Structures are given as structure tokens and as C-alpha cells.
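To start, the structure itself, in C-alpha cells.
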There are 4 protein chains.
Amino acid sequence: MARPRSEEKALAILEAASSCFAERGISASTAMIAKHAGLSEGTLFRYFPSKEALINELYLYLKKTLCAYLSDGFPLSATLEQRARFLWFSYISWGVKNPAANITLSHLDVGDFITPELKQKAAEFFPDMGIHEEFVQSTVFSGLNRGFADSVFQALAYSTVKFAAKDPNNAEAYKHAGFTVFWKMLE
Amino acid sequence: MARPRSEEKALAILEAASSCFAERGISASTAMIAKHAGLSEGTLFRYFPSKEALINELYLYLKKTLCAYLSDGFPLSATLEQRARFLWFSYISWGVKNPAANITLSHLDVGDFITPELKQKAAEFFPDMGIHEEFVQSTVFSGLNRGFADSVFQALAYSTVKFAAKDPNNAEAYKHAGFTVFWKMLE
Amino acid sequence: MARPRSEEKALAILEAASSCFAERGISASTAMIAKHAGLSEGTLFRYFPSKEALINELYLYLKKTLCAYLSDGFPLSATLEQRARFLWFSYISWGVKNPAANITLSHLDVGDFITPELKQKAAEFFPDMGIHEEFVQSTVFSGLNRGFADSVFQALAYSTVKFAAKDPNNAEAYKHAGFTVFWKMLE
Amino acid sequence: MARPRSEEKALAILEAASSCFAERGISASTAMIAKHAGLSEGTLFRYFPSKEALINELYLYLKKTLCAYLSDGFPLSATLEQRARFLWFSYISWGVKNPAANITLSHLDVGDFITPELKQKAAEFFPDMGIHEEFVQSTVFSGLNRGFADSVFQALAYSTVKFAAKDPNNAEAYKHAGFTVFWKMLE
DNA sequence: AATGAATGAGTGTTCATTCAT
DNA sequence: AATGAATGAACACTCATTCAT
């Protein structure tokens, strides 16, 4: 099952999977995904040996994409609040711009599709923004498993994106409320 | 008269569904659920006319159970902090004692399986604890859709339960961290 | 499986079966039939040992009922045309008054649910109206299996009832057209 | 390119459906049909998206086949009697040669499986043989719904085929008797 | 390398029939 | 005698995966 060369097709499948999973849940069929990608049913399996493998790769792909977005322009040497603010609003902005990706990621993060190992691996993509350390040393989370803060942060972000997307007129209010909560957690 | 329909079996199905959904997601099969409940496949459908109906009833059942747990001993006339504290620790305690129920509820609350109407109905089971109002009028959430605060609260609670259950030695620490965040949101 | 005494309930089941089969085809469920008869699912099987037996008894019941209707007032010693006319218009009248029975009988007569032996037995219920002989000796059907004439007659009658019921304004025209064809067959 | 979808298999399914429906009625299972066609259950649904669609296509297929048979050698400019005679004997001959098709068509024509629209569409396959007009304007049927004449004709033909097939020694006699009735209806 | 036809286990659901009550 | 809960085989249909082309 040597991976064929067309990176473009692999990407098309990942994007199609993201949008199908967002629309129909993880039970969206491989046939539907292949069709959305403009490929035939069998071809999908030349790029991903199984649906499970596709799901895993999709998880990594989405996290990488998100991570690249967050890194772009990140003010590494700014104050903590400035960095946190940048992180938060970038995160939400990505979610609002990529609703399918956001929904799919929330499905994948909540379900049992992704092994803890893979989640750990994905977490490592995130550049050192000097925030995690603050998080872990904050009054609230000090001494606890780093994943806990992540988990709370993500859940907060998913909810914020969901409500901002559903009620665009108040999007800014949701974003700021979310940030307020986030910032309180760091204090 | 024929054998009466047994409430016990309906409960067995609901419990089996909760544990199967927790383990396999909502796509766990009705056959698997029936087997876990110790019944034949057909019997499940005498108690619940469809999988969808089972899911809806399970949602109400779990919310009711949770609600009863929270109401038990609730200090109606205590200070806000005392009430919030009771609510939080009861919530987490229930989740830790009923991990399958907690996971299943998180699946149901995040997915599209339950209609907003049913969610609303379930929300009405909860006794008036004088907390919602504070929540909604708090500095953070004032003016926003009430569902947003709920959603954030629940996400926080689910994460807390998850980590407390996974790492029982530090359970207390997670619970207190979670409460701290919760309380900050109310201020 | 001794037949219980309540003849009334057996009749209720037969009538319910007739109306359910008319509405839903022979695949109407025994549960539905029992419900229409005002009985519980299991009770049906105390009166008829199986669905197949019910179908067979229903066939005989409907044919008997029809036959009694045709016999009522039959002018045994009138001319052939008068007898034929009476037979025809009675037949159609019964069908129009008992649409469910008519539809159910047409289902049973056309399918393979009823054995030829039973059909033969049912045919013998019909009183000697001195018409069959004419039929068999008519120019058209002389020398052929008596069932052939029956079959054609019934098909003609079913069609006539169907169209008369569907288009009541022209019911009389259909009846007379049907009779004309019938009469031509006897000449 | 992958294996092309084989017209042969679609035909095998249609033929299998025809024979299963003839034997067991329209409730014959898709599994049985697939097995008779020498295919797996799933394959049937690649050729026909649902049982209902299969039934509809089968109806059209059988009507088309019958129509092609009737058209072959039809003496378009002969006298009415000659045309009627050709039509009748061809019809019966086709039915006798294709007993399953004849039985299946009779089930489909009498039941509620085929929409009036589809029946209308199938009727249009039949070439203009200049007989319908005579039929509809005949003394007997003039002024009545065209479907009535059709219905009577078909019922007559189905009965004739049934008896001719069951009693081959007298097949000719049944055919001629049937034609006599048909012809009387046209006069 | 790409295709899509073929597969068969699996899905939610129905139903004739049995049997404990 | 009557009930209706319980059953499990059967149903129409889906789908991840394989493989001939």
C-alpha cells in the first residue's frame, strides 16, 4: 500500500472528510467522502488504508493547520496578556472561518476515535507560546495534568465558536466573554 | 392477565444504552444494547419504538437522575458561594460515580441527536437553585444567550469529571480547580 | 388448540382481517388485525392457529357471505336472462357495499394463498342457479373447465366493482357495461 | 477503468425478481431475488436503489418485452378482426411462454405497487394498433373510462393464459374461447 | 495508478408465534 | 380463557473494503 504521489488528492480527501464529518458525524461514509473529493470510492483506500487511518490523519492534519494559523504573526515576546489575547482571538477566528474543521475537531476530541498517544502527538505540534507554562503555574491549574487545562481551553473555544457562528450579530460579545473566562483561568 | 411490562427491563435497557454509548459512541448498535441488557433484539423495540426514541428517553432519564442527585440535600437558602459549591461538587461527584452516564451525556449534549426542544424540557427538570440567574447576570455572561453559559459550565464539568476519573489520586485537586474556574465565572 | 366458544370474537377477527387486508394487502400484521378486532395479539391465535389458517377461513367466510347475499331472493325459475341479471347486479351490489371484502377476495383469488382444493370447496357453496350449466354449454365456453368461466366472471366483476366504486357517478354505466359483457359470454 | 456494470446482471435481477414474485408474490425477499440471480444481496442494491425501484423497473421491463413481442409482425393495415386476432393470440402466446412474467404482471397490475403515472407510461410503449379506439368506442365501453376496458381485457387475458398453461392439451380451446369473448366486446 | 463493481457482515426494525401470568 | 411480553428469524438496506479491469 505504497502511498501514491499525488499529495493534492490526499489533501482533497482530508478536506472532504472534514466537511462530511462536520455535516454527518463520523459515520459519514467513505463513499460520500470520496465523491466530495472528486475521486472514486476505491481511490480513497489507496491514500488511506482504512477509515480509521483516515480519521487519525485527519486529526493530525486539522491540528497542524490550526497550529500553523495560530503561529502566524504570534507575538512571541509580548506580554502574557497580549499573547493570550492573540492566541484566543486567532483560535476563535480560525474556528469561525473553518466551521467544518471546528465541528469535526470537536467530534474527534470528544469521541474515542483518537488514541491518547495521537492526541499527545498532535499537542506537540503547537509551538511554544509561553502560555502553557503560565497555565500550569497559574493559581488554578498548578500541579495538574497539562491536558486538563488544554481540555478546558478547547471546550471553551468550541463553545465560543459554536455560539459565535450561530449568532453572528453577537459574535464579538461571545468572543470577549470567552476571553474573559480564559484570562481568569490564567490569573 | 399477561406478564406486566417490567419497569426493570426498561431501566436495564437505558443503563445498557448508557454504557454502550459511553464505550462506542452513539453508533453503538441496538443489538449490542439489547445484549448488554440481557434481552433479545426484538424486546428492545417493545420498550422503545426506535433507536431515536431510546436516545431521547435516555437523555431525559440521565438528566432526571442527575437532577435528583443534585437536589438531594441542596442548601436552598445558603449563600451563593455555598450553593455554587454544593452544586459543583455534587455534579462532579455524580459524574465520577457514573462515568458512563457522564460520557454519554457529553455525547448527547454535543451532538445533534437531541432537539433543542428536548434539551429545553430537560433543563426544566432542574430545580431553581438561584444560580442560573447569577450566572446569566454575571459580569462575564450578562446579555448573552443563556445556553452559552450552560455550555461552558457543562464543558468544564465534563472535563473535570474525565480527569478526576482518570487520575483518582488527584481527583480532589481537579474538582477544586474546576470549582475555582466556575466561581470566577460567577463573579 | 380447541376452538373457544365465542363465535362473536371469531367473527370480529374475520371482519378485522378483511378490512386490514383490503387496506394493507395480505401482509397486514396479525397484531394489527387483533387490534382492529378489539382483542389482544395472542387471542387471535386461540381462534386461528396461524395466519395461514386465518386466511383460509377468511376466504371461506367471505365466499359464504357473498353466496348468502346472492341467494337471497334469487328467482330460481325465471328466464335465463332474468337470473343472470339478478346474479350480476347482486354480485356487484355486494361488492360495492362491502368494498373491503371485495378487495380482499380479489387479493386472495389472484395470489397463491389459497389452495385449489379450498377454492373448489368455496365454489361449492354457491347454490345451483342454473347458470353454470348455461355457461358451460354456451357457445363460448362449451367443453372447457368450469373454473375458466368462473375466473373470467370474477375478474369482470372485480373490475366492475373497482371502477364503480372509484367513479360513483358512473357506477350504473359500469354495471351495465359489465352485464353486457357477461351476457355476451352466455349467448 | 474498473469492471463495467453489466447489463447482463441487471437483466438477471429482473428475471429473478419476475420468477420470485410469480412464485411468492410481491413479498418475495430481495435476498431471495439476489440468490436466484446468482449475486450477493448488496449487489442487487447497486443495480436498483430500492425494492420499490426494482418493482417499478420490472414493470416497465415486462411491459416493454411484451410490447416488443406484440409488435413483431403486427399487420398494421389488416382488417380490425385480423388485427385483434393477431393481438390476442400474440398476447396469450407470450403469456404461455413466459408464465412467471404473466403472473408477476398480473400481481403488479392488480396491486397498488405501481403508480398510475407509471402505468400510463408503460401503456404508451404499446404501438398504436388501432384497436384501443375501437375498444373504447365499442357499443359496450363507449363513454367509460378507458382503463375499464383495459382492465377487463387484461383480466380476460390473464385468465386465459392461466388456464392454457395449466391444461396445455386444451390450450387452443381456451385461447379461442378467450378471443371470442374479446371479439364480442369489440362489436 | 485509478476505477467502481462486488461483497457480506452489519444496521435498525418488524412480526408470527409462544407462553408465563 | 385471555392477555400481552418476549422472542429471534427475517426484512430492506448500508458500508468499509477488495480486486478485476
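Throughout, a chain's letter reflects where its sequence line sits, starting with A, and its residues are numbered from 1. Bear in mind that the values here come from a model prediction, so they are computed numbers and not experimental data. Only heavy atoms go into these numbers, but all of them, side chains included; no hydrogens, no water, no symmetry mates.
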Check your understanding: Nearest of dT3(E), dT14(E), dA12(F) to any side-chain atom of F45(B)?
Key -> dT14(E)
Point to revise | Earlier contact from the 5' end, DNA chain F, for T43(B) and A31(D) | key: T43(B)
Check your understanding: Reckon A28(A) touches a base, only the sugar-phosphate, or nothing at all at heavy-atom distances under 4.0 Å?
Key -> sugar-phosphate
Review point. Is there a Watson-Crick or G-U wobble partner for dT21(F) with both distances under 3.5 Å, and which nucleotide is it?
Key: dA2(E)
Check your understanding: Which part of the nucleic acid does S29(A) contact within heavy-atom distance under 4.0 Å: base, sugar-phosphate only, or nothing?
Key -> sugar-phosphate
Point to revise | Length of the CZ-P vector between F21(A) and dC15(F), whole Å | key: 12 Å
Exercise for review: Take L39(B) and I26(D), find for each the nucleotide of DNA chain F with the closest heavy atom, and name the residue whose nucleotide sits nearer the 5' end.
Suggested key: L39(B)
Point to revise | Interatomic distance where CZ belongs to F48(C) and C1' belongs to dT18(E) [whole Å] | key: 19 Å
Revision key, fill the gap. Taking dT13(E), dA16(E), dG4(F) as options, the one with an atom nearest any side-chain atom of K51(C) is dA16(E)
Check your understanding: What is the distance, rounded to the nearest whole Å, between atom CZ of F113(A) and atom C1' of dA16(F)?
Key -> 15 Å
**Study point:** Distance in angstrom units between K35(A) NZ and dA16(F) C1', rounded
**Key:** 17 Å
Check your understanding: Is there a donor N/O on one and an acceptor N/O on the other, under 3.5 Å, for the side chain of E41(D) and the base of dC13(F)?
Key -> yes
Check your understanding: Taking CD from E7(D) and P from dA5(E), how many angstroms apart are they, rounded to a whole number?
Key -> 13 Å
Review point. Base, sugar-phosphate, or nothing: which does Y47(B) touch, judged by heavy atoms less than 4.0 Å apart?
Key: sugar-phosphate
Revision key, fill the gap. Taking for S6(D) and for T30(B) the nucleotide of DNA chain E with the nearest heavy atom, the one nearer the 5' end belongs to S6(D)
Review point. Does the pair D112(B)/R24(A) count as a salt bridge with the N-to-O cut at 4.0 Å?
Key: no
Review point. Between R46(B) (CZ) and dG8(F) (P), how many Å, whole number?
Key: 14 Å
